[in-house]
Visitor: 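Attaching a single structure in structure tokens format; questions to follow.
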Number of protein chains: 2
Amino acid sequence: MKLQLHIEMNEALYLRNPESSELGKNIIKHSIELIYQHGFESFTFKKLAESIGTTEAGVYRYFENKHRLLIYIVTWYWGWLEFQIRFQTNNLKDPAVRLRKVIKLLASTVEDDERTSYVNEALLHQIVISEGSKAYLTNHVEEDNKHQFFKPYKDLCSLVGDIIAECNPKYKYPKSLASTILEMAHFQNFFMHHLPSLTDFAKSKDETKIVAFLNDLVFSSIKY
Amino acid sequence: MKLQLHIEMNEALYLRNPESSELGKNIIKHSIELIYQHGFESFTFKKLAESIGTTEAGVYRYFENKHRLLIYIVTWYWGWLEFQIRFQTNNLKDPAVRLRKVIKLLASTVEDDERTSYVNEALLHQIVISEGSKAYLTNHVEEDNKHQFFKPYKDLCSLVGDIIAECNPKYKYPKSLASTILEMAHFQNFFMHHLPSLTDFAKSKDETKIVAFLNDLVFSSIKY
DNA sequence: CATAAATGATAGCTTTACTATCTTTTTAAA
DNA sequence: TTTAAAAAGATAGTAAAGCTATCATTTATG
């Protein structure tokens with residue numbers, strides 16, 4: 001039996017549900033490949049359409065614009081990651097053990113999840129590292145936020161924040177520490193590969209060191 | 001006597017030095033105002049030219065494209081901030097006191113510096129918060145990095161990293177902690193204002209709390 | 001089998017991003 | 001003070017991006 005995994009998406013993100021058709025799934029699949037290869041700035045609906053073998057108009061029937069599509073795939077990732085975290089930390093009683101697990105999941109290389117046929121999580125993880133913050137770093141954040149576009153990100157953040165609070169209920173900044181971990185798991189990775197002098201991992205380019213750094217940061221702060 | 005402040009810029013960033021003429025200075029001044037108002041995505045050389053009262057071609061004589069201009073103003077800010085930090089921490093012997101001062105300077109509202117006539121640091125600070133990471137989050141980071149475009153950012157980071165190392169020479173991650181502080185000083189500010197549930201400062205929207213959070217984070221980590 | 005829904009094909013329009021050319025003005029050296 | 005070269009202004013034009021509209025054809029679904 002093959003298991004399937006489904007991430008529920010915000011309906012306001014799309015005009016037509018990309019999960020509902022082959023074309024829709026191809027839009028997601030090829031977007032991930034193209035954005036991974038060429039970056040979000042040089043990604044266009046025309047190139048996407050060509051890569052799929054459809055037309056620009058075809059893509060526009062699913063997504064209003066490329067920014068919405070970026071939010072779609074990035075929040076898909078956050079939704080998927082929250083599921084991974086909940087699954088992998090299930091039944092772990094000690095919150096510190098859970099927190100360690102979470103940090104590892106946040107900062108380690110991701111492998112393609114076979115249960116999701118049209119999403120390559122390995123590529124998507126790289127996209128989230130390089131383009132993820134562009135999802136909200138816009139002049140229309142607040143509008144997008146009103147549409148609940150960032151809910152999966154906030155949910156994930158709040159999940160991590162809750163574990164932190166469980167480790168030390170007196171720690172004053174569980175949410176900020178959670179968002180710091182999330183962002184830094186990605187930024188330190190980006191820096192390590194592209195601007196290595198901003199990190200202490202230049203030589204080895206070893207992700208486990210990012211995990212170690214984040215663990216040290218978090219457990220020193222919460223004084224568990 | 002009026003003091004003037006001059007930040008040395010990387011020559012590869014521009015085609016013609018914007019400091020060398022009135023038009024050039026206007027390009028910087030109006031860029032800052034327009035990007036602050038409408039965001040980098042909707043900022044165009046056409047709009048900029050109109051706002052100055054020149055033509056698109058006029059702007060293109062100074063900057064190859066708007067991304068280079070963004071790097072220019074953002075690295076200008078980093079250069080200016082490094083100067084501020086060096087000035088304000090001068091003669092402070094205790095590295096922990098210096099570090100506290102640095103964190104405060106990084107995470108507090110900036111006021112317009114009267115010594116720089118065509119740059120409004122208050123607006124520029126907001127731009128760096130919202131658009132700063134877009135300077136390097138591109139597919140051409142490595143190329144840009146070879147041109148030394150990010151040197152001012154790295155220098156600032158390394159200055160902070162050195163102070164951390166001075167506080168505790170045994171601490172293993174001075175550079176990563178430094179880049180974490182720099183990024184989080186901005187991201188927590190952005191979150192506090194636009195996605196408040198990602199922080200613990202939602203109610204008060206008080207920047208001094210970001211400073212307190214960062215101080216706690218840093219001094220817990222380095223165990224000074 | 002009918003019919004609604006989705007897709008394909010094509011066209012077109014506005015804006016962005018950029019280059020070229022020629023004229024006029026400003027600046028700076030002879 | 002003249003003179004040439006550098007900068008700025010004016011104008012035009014091109015390719016690509018971003019988007020909408022229309023109509024024919026194919027594919028689901030009741």
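Residue numbering restarts at 1 for every chain, and letters A, B, ... go by the order of the sequence lines.
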Visitor: Are any of the side-chain heavy atoms of N90(B) and R86(B) separated by less than 4.5 Å?
Guide: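 Result no, sub-4.5 Å side-chain heavy-atom pair not found.
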Visitor: Show me the donor-acceptor pairs, under 3.5 Å and distance only, between side chains in residues 70-78 of chain B and residues at least two apart or in other chains.
Guide:
unit_1	atom_1	unit_2	atom_2	d
T75(B)	OG1	I71(B)	O	2.7
T75(B)	OG1	Y72(B)	O	3.2

Visitor: Are Y62(B) and Y14(B) an aromatic pair, judged by ring center distance below 6.0 Å?
Guide: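 Between Y62(B) and Y14(B), which both carry aromatic rings, the centre distance is not below 6.0 Å.
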Visitor: To the nearest Å, how far apart are L23(A) CG and dA9(C) P?
Guide: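 Going from L23(A) (CG) to dA9(C) (P), I get 12 Å.
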Visitor: Whole-Å distance between dA5(C) P and Y62(A) OH?
Guide: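 One finds 14 Å between P of dA5(C) and OH of Y62(A), rounded.
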Visitor: Quick one: does any side-chain atom of E121(B) pair with a main-chain N or O of D113(B) as donor and acceptor, under 3.5 Å?
Guide: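 Indeed, once roles are kept as given, a pair shorter than 3.5 Å links the two residues.
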Visitor: Just the rounded figure in Å: distance from P of dA8(D) to CG of L15(B).
Guide: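 The answer, rounded to whole Å, is 12 Å.
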Visitor: Output the rounded distance in Å from NZ (K25(A)) to P (dT7(C)).
Guide: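 The distance from NZ of K25(A) to P of dT7(C) comes to 12 Å, rounded to the nearest Å.
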Visitor: Look at T55(B) and dG9(D) and indicate whether a side-chain polar atom (N or O) is within less than 4.0 Å of OP1 or OP2.
Guide: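 Negative; the distance criterion is not met.
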Visitor: To 10°, what angle do the rotation axes through the five end pairs on each side of the helix from dC1(C)-dG30(D) to dA30(C)-dT1(D) form?
Guide: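 The two end axes of the helix from dC1(C)-dG30(D) to dA30(C)-dT1(D) meet at 20°.
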Visitor: In whole angstrom, what separates H67(B)'s NE2 from dC18(C)'s C1'?
Guide: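 After rounding, the reported distance stands at 17 Å.
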Visitor: Can you check the N26(A) CG to dA6(C) P distance for me, whole Å?
Guide: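 The answer, rounded to whole Å, is 17 Å.
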Visitor: Over how many whole Å does the gap from L48(B) atom CG to dA17(C) atom P extend?
Guide: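 Rounded to whole Å, this separation is 12 Å.
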Visitor: Taking atom types as modelled, find out whether T199(B) and Q188(B) have a side-chain donor-acceptor pair closer than 3.5 angstrom.
Guide: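 Note: T199(B) and Q188(B) side chains miss the donor-acceptor criterion.
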Visitor: Between Y136(B) and F190(A), how do the two ring planes meet: parallel, tilted or perpendicular, split at 30° and 60°?
Guide: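 Ring orientation of Y136(B) relative to F190(A): tilted.
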Visitor: Look at T54(A) and dG8(C) and indicate whether a side-chain polar atom (N or O) is within less than 4.0 Å of OP1 or OP2.
Guide: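 For dG8(C), OP1 or OP2 has a side-chain N or O of T54(A) closer than 4.0 Å.
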Visitor: Please confirm whether the shortest side-chain N or O distance from S21(A) to OP1 or OP2 of dT7(C) is below 4.0 Å.
Guide: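 Yes.
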Visitor: If the sugar-phosphate is the primed atoms plus P, OP1 and OP2 and the base is the rest, what is the B/S/- string for nucleotides 12-30 of chain D, using protein heavy atoms under 4.0 Å?
Guide: -----SBBBBB--------
Visitor: Can a side-chain donor-acceptor contact be found between K154(A) and N145(A) if the only test is distance below 3.5 angstrom?
Guide: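 Short answer, yes.
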Visitor: Using modelled atom types and a 3.5 Å cut-off, is there a donor and acceptor pairing between side-chain atoms of K134(A) and backbone atoms of L137(B)?
Guide: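 Pair found, side chain donor or acceptor close to backbone of L137(B).
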Visitor: Does one side chain, of H67(A) or E41(B), offer a donor that lies under 3.5 Å from an acceptor on the other?
Guide: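 Per modelled atom types, H67(A) and E41(B) side chains form no pair under 3.5 Å.
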Visitor: What's the CD1-P distance between I52(B) and dA10(D), to the nearest Å?
Guide: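 So the CD1-P distance, I52(B) to dA10(D), works out to 14 Å.
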